[in-house]
A.B. asks: 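Pasting in a structure now, in structure tokens, and then I'll have a few things to ask.
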Amino acid sequence: MAGAGGGHRAAPRPRSGMSEPAPVRRLLIAATLVVAGCVLVLPLASVFAEALRGGLGAYLASFRDPEALAAIRLTLLVAAIAVPVNVLFGLSAAWAIAKFSFPGKRLLITLIDLPYAVSPVVSGLVYIMIYGANGVFGPWLAAHDLQVIFAVPGIVLATIFVTFPFVARELIPLMEEQGTEQEQAAMTLGASGWQTFRRVTLPNVRWALLYGVILCNARAMGEFGAVSVVSGHIRGKTATMPLQVEILYNEYNHVAAFAVASLLAMLALVTLVAKAVVERRAGAAAAQITTTEVETEPQRREAP
Amino acid sequence: MSIEARHITKTFGAFRALDDVGLTVPTGRLMALLGPSGSGKTTLLRIIAGLEQADYGSGQVLFDDADVTVRPVRRRGVGFVFQHYALFRHLTVFDNVAFGLQVRPRKERPDKDEIRKRVGDLLRMVQLDTLADRYPGQLSGGQRQRVALARALAVEPQVLLLDEPFGALDAKVRKELRVWLRRLHDELHVTSVFVTHDQDEALEVADRVVVMNEGRIEQEGTPDEVFHRPATEFVMRFLGEVNQFHGRVDAGRVAFADVELDAGDHGRLAGPARVFVRPHEWEVSLAAPSQAAIRAVVKRVQSAGPVARLELRTAEGALLNAELPQETLERLGLAVGSEVHVTPRRLRVFAADRVPPTPGV
């Protein structure tokens with residue numbers, strides 16, 4: 001607020017200043033719907049249309065293919081590893097950043113965002129540079145008969161990399177805003193560090209955490225670029241669902257490709273619904289917090 | 001349990017929040033740490049609680065002669081009440097109060113019925129037993145602060161520490177709660193320290209008041225002592241309104257404005273001095289009194305309330321504030337423009353050889 005006097009606005013703004021004339025409004029809404037329809041809904045619908053083109057029988061038969069099943073299993077495995085790892089990391093990073101001050105804190109926050117900024121292909125290549133046959137750890141890994149690149153560990157690592165910021169990013173602002181007073185209160189009441197975390201910190205961030213997990217999971221299952229680089233596309237072994245879609249599509253096996261793609265599309269829909277539900281719950285929780293703050297405006301001292 | 005803090009120094013970067021402070025709170029007393037913001041009072045309280053550590057190598061905190069300086073906060077057995085309550089907002093009132101009992105190790109933890117009984121007793125004591133199932137977000141500020149107090153008392157602390165406990169409440173609730181806190185203390189007799197920047201609160205509630213300024217203790221004493229016998233100019237100015245004059249002390253007499261008076265206890269000072277008179281300590285008369293008096297004209301009368309407040313302009317052009325009982329105002333028939341003579345019934349003189357501290361607001 002720029003007003004030096006800090007007085008209240010005398011009257012609400014006239015309504016016409018806030019909203020456009022009715023025809024303009026309708027036009028804008030219609031344009032938005034058309035664009036959203038063409039860009040978002042149509043492709044999604046066509047995924048299912050293509051998948052079912054050969055009939056339900058052909059659609060279901062696509063999932064009896066051992067390679068498709070292997071791709072689904074691999075994707076679930078990767079997500080089952082990457083998501084918990086990122087939850088663990090996200091919680092500890094957010095905890096450290098929000099509750100303590102230490103040198104390099106801002107740098108760490110920036111670093112967490114790195115996977116957002118860098119192209120997934122680049123992150124895949126970086127892993128090859130590090131763990132590949134000619135990479136930094138390559139000879140050591142080869143000597144111990146460990147394969148990272150063109151194998152499941154590489155896919156997991158690349159997925160963890162690209163999903164790195166999702167949980168931490170959701171938690172950091174919330175935990176910073178909440179401060180440490182409740183934790184301090186818990187400690188004065190005799191709670192240990194773990195009790196404080198489990199009984200105070202975690203319940204306070206549960207919706208943000210869940211939100212982060214949903215986004216993290218969607219990305220972990222859907223990641224293509226980085227995984228594509230490190231996977232080696234070994235059918236039935238290192239092909240995740242997105243890679244399997246590409247393989248099938250390149251072989252002009254459209255029904256099978258779109259059948260697998262339809263699973264990913266369904267994952268997206270489930271993610272959207274879950275996200276909306278969590279947002280609503282988190283919004284309700286936030287509203288409760290807001291009412292908490294209403295009466296806590298510090299009072300001025302009345303005496304001179 | 002008595003509390004003692006010795007030689008506490010605390011710096012935040014270049015800022016010295018506490019400078020070699022020592023403090024003793026005898027068992028069962030209710031002590032106020034009073035001072036403007038930035039005076040170090042909250043920092044001192046947090047160091048006593050263990051939420052903050054004194055600078056490395058400086059100072060000691062003792063509870064009943066036991067050195068607790070390095071004891072972590074959760075083992076100090078203190079009840080701490082935060083200015084903004086710090087209630088667990090995802091827990092009900094009941095669970096907030098029960099928290100301290102529920103986190104105890106299994107063998108020290110009371111059983112469920114015992115917890116329910118103790119929490120119930122505490123909630124009755126703070127008159128919130130009907131709201132046990134509410135969440136903090138559904139309570140008023142005053143109710144929240146009482147939950148916070150019940151929660152702190154649930155662990156049966158040896159020491160109760162309150163950081164601006166009523167600072168976030170509106171004036172009326174604040175007044176009620178401080179009377180209530182005093183009564184509660186008289187019942188429980190747990191050694192308590194509370195931080196405040198409100199002098200009325202400190203003077204009304206506490207057994208002893210410690211006035212702090214810029215990381216140091218200016219004065220410690222009973223409310224009467226600090227109010228009536230301020231040890232320093234800062235205390236004088238911080239505890240109530242003052243009229244200030246520049247003057248001189250010479251041979252037991254103090255000269256200021258256009259009067260010269262007996263300096264009384266302050267006679268041993270000599271040289272430039274600052275003279276303070278509280279508004280209610282002026283003797284106002286229409287006729288010139290026998291004693292030396294300042295001549296002034298009434299510029300403003302504010303008579304709504306039990307005490308009438310006058311703004312006076314002296315012959316020298318300085319403005320004075322005076323407070324009179326309503327009856328005196330009526331008896332003298334004072335109005336804007338009246339010419340009066342004022343002389344202090346009581347004055348305090350401090351040597352003017354150092355830069356005056358300015359109390360923050």
Side-chain angles (χ1 to χ4, degrees), chain A residues 98-103 105 171 174-210 278 281-304, chain B residues 36 46 49-51 72-91 96 99-105 108 135-142 144 148 151-152 154-155 157 161 164 166-171 173-174 197-200 237 239-242 359 361:
Chain A
K99 312 285 177 186
F100 305 106
S101 63
F102 52 90
K105 185 164 143 171
L171 294 180
L174 182 67
M175 283 170 91
E176 279 190 323
E177 183 201 316
Q178 287 179 346
T180 55
E181 254 202 353
Q182 287 188 48
E183 279 82 4
Q184 289 178 6
M187 286 196 294
T188 64
L189 293 167
S192 64
W194 170 247
Q195 284 174 319
T196 304
F197 175 75
R198 192 171 58 83
R199 289 171 175 263
V200 177
T201 310
L202 200 55
N204 273 331
V205 299
R206 61 186 188 275
W207 293 116
L209 179 63
L210 193 54
V278 169
R281 296 301 297 267
Q288 201 178 341
I289 295 160
T290 319
T291 54
T292 311
E293 306 304 336
V294 169
E295 286 162 88
T296 56
E297 292 270 307
Q299 299 285 319
R300 295 269 160 264
R301 214 167 106 232
E302 335 143 64
Chain B
R46 291 173 61 86
L51 289 169
V73 52
R74 67 194 182 92
R75 297 227 179 81
R76 286 201 189 186
V78 298
F80 200 97
V81 175
F82 293 81
Q83 180 176 4
H84 296 291
Y85 328 119
L87 294 179
F88 308 128
R89 58 180 158 234
H90 62 287
L91 298 179
N96 263 280
F99 187 92
L101 300 172
Q102 285 167 346
V103 296
R104 285 192 183 167
E108 296 166 33
Y135 285 88
Q138 301 166 310
L139 302 181
S140 73
R144 271 178 227 161
R151 183 179 68 176
V155 294
L161 306 171
E164 304 249 6
F166 313 130
L169 302 168
D170 65 50
V173 179
R174 198 157 68 196
H197 58 229
D198 180 336
Q199 67 274 28
D200 296 337
R237 285 148 165 291
L239 295 178
E241 281 180 77
V242 289
V361 177

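Being a predicted model, the structure only gives us computed values, none of them experimental. Naming convention: chains lettered A, B, ... in sequence-line order (proteins, then strands); numbering from 1 in each chain.
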A.B. asks: Could you look at Leu87(B) and say if it's the side chain, the backbone, both or neither that has a heavy atom under 4.5 Å from chain A?
C.D. replies: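 Contact with chain A is through the backbone of Leu87(B) alone.
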A.B. asks: Would Phe82(B) and Leu51(B) count as a side-chain contact (heavy atoms from CB on, under 4.5 Å) if you check the C-alpha gap in whole Å, the side-chain angles of each, and the deciding distance to 0.1 Å?
C.D. replies: CA-CA 12 Å; Phe82(B) 293 81; Leu51(B) 289 169; 4.1 Å; yes
A.B. asks: Under a 4.5 Å cutoff for heavy-atom pairs, which residue among Glu164(B), Arg74(B), Arg76(B) has the most contacts with chain A?
C.D. replies: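 The answer is Arg74(B).
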A.B. asks: Sequence neighbours left out, what passes side chain to side chain donor-acceptor pair (under 3.5 Å) with Glu183(A)? Give chain and number order.
C.D. replies: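 Here the qualifying residues are Lys99(A), Thr201(A).
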A.B. asks: Where is the tightest heavy-atom contact between Val155(B) and Arg104(B), given as atom of each residue plus distance?
C.D. replies: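 Looking at all heavy atoms of both residues, the closest pair is O-NH2, 3.6 Å.
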A.B. asks: Please find the pair of heavy atoms, one from Pro136(B) and one from Asn96(B), that lie closest to each other, and give the distance.
C.D. replies: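 The answer is CG-ND2, 3.8 Å.
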A.B. asks: If you count heavy-atom pairs under 4.5 Å between each of Gly100(B), Ala86(B), Pro72(B), Pro105(B) and chain A, which one has the most?
C.D. replies: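 Option with the top pair count is Ala86(B).
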A.B. asks: Between Val73(B) and chain A, which part of the residue has a heavy atom less than 4.5 Å away: side chain, backbone, both or neither?
C.D. replies: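 Both parts, heavy atoms under 4.5 Å.
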A.B. asks: Give the minimum heavy-atom separation between Phe100(A) and Lys105(A), together with the two atoms involved.
C.D. replies: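 Looking at all heavy atoms of both residues, the shortest contact is O-NZ, 2.9 Å.
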A.B. asks: Going by residue number, which parts of residues 192-200 of chain A are within reach of chain B, meaning a heavy-atom gap below 4.5 Å?
C.D. replies: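 Within residues 192-200 of chain A, the residues under 4.5 Å from chain B are Ser192(A), Gln195(A), Arg199(A), Val200(A).
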A.B. asks: Tell me, side chain or backbone of Ala152(B) under 4.5 Å from chain A's heavy atoms, or both, or neither?
C.D. replies: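 Backbone of Ala152(B) only, per the 4.5 Å heavy-atom cut-off to chain A.
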A.B. asks: Locate the shortest heavy-atom distance separating Tyr85(B) from Ala148(B); write the atom from each residue and the value.
C.D. replies: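 Answer, listing the atom of Tyr85(B) first, then Ala148(B): O-CB, 3.9 Å.
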A.B. asks: For Gln102(B), is it the side chain, the backbone, both or neither that has a heavy atom under 4.5 Å from a heavy atom of chain A?
C.D. replies: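 Both the backbone and the side chain of Gln102(B) come within 4.5 Å of chain A.
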A.B. asks: Under 6.0 Å from the six-membered ring centre of Phe88(B) and within 45° of its axis: does the NZ or CZ of Arg151(B) meet both?
C.D. replies: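 Arg151(B) over Phe88(B) ring: yes.
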A.B. asks: Going through the distances and angles, do Arg174(B) and Asp198(B) end up as a side-chain contact (heavy atoms from CB on, under 4.5 Å)?
C.D. replies: CA-CA 11 Å; Arg174(B) 198 157 68 196; Asp198(B) 180 336; 3.8 Å; yes
A.B. asks: Quick one, Leu202(A) and Leu209(A) - any side-chain contact, counting heavy atoms below 4.5 Å?
C.D. replies: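 Sidechains of Leu209(A) and Leu202(A): in contact.
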A.B. asks: When heavy-atom pairs shorter than 4.5 Å are enumerated against chain B, which of Met187(A), Gln184(A), Arg206(A) gives the highest number?
C.D. replies: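 Top count of heavy-atom pairs under 4.5 Å with chain B: Gln184(A).
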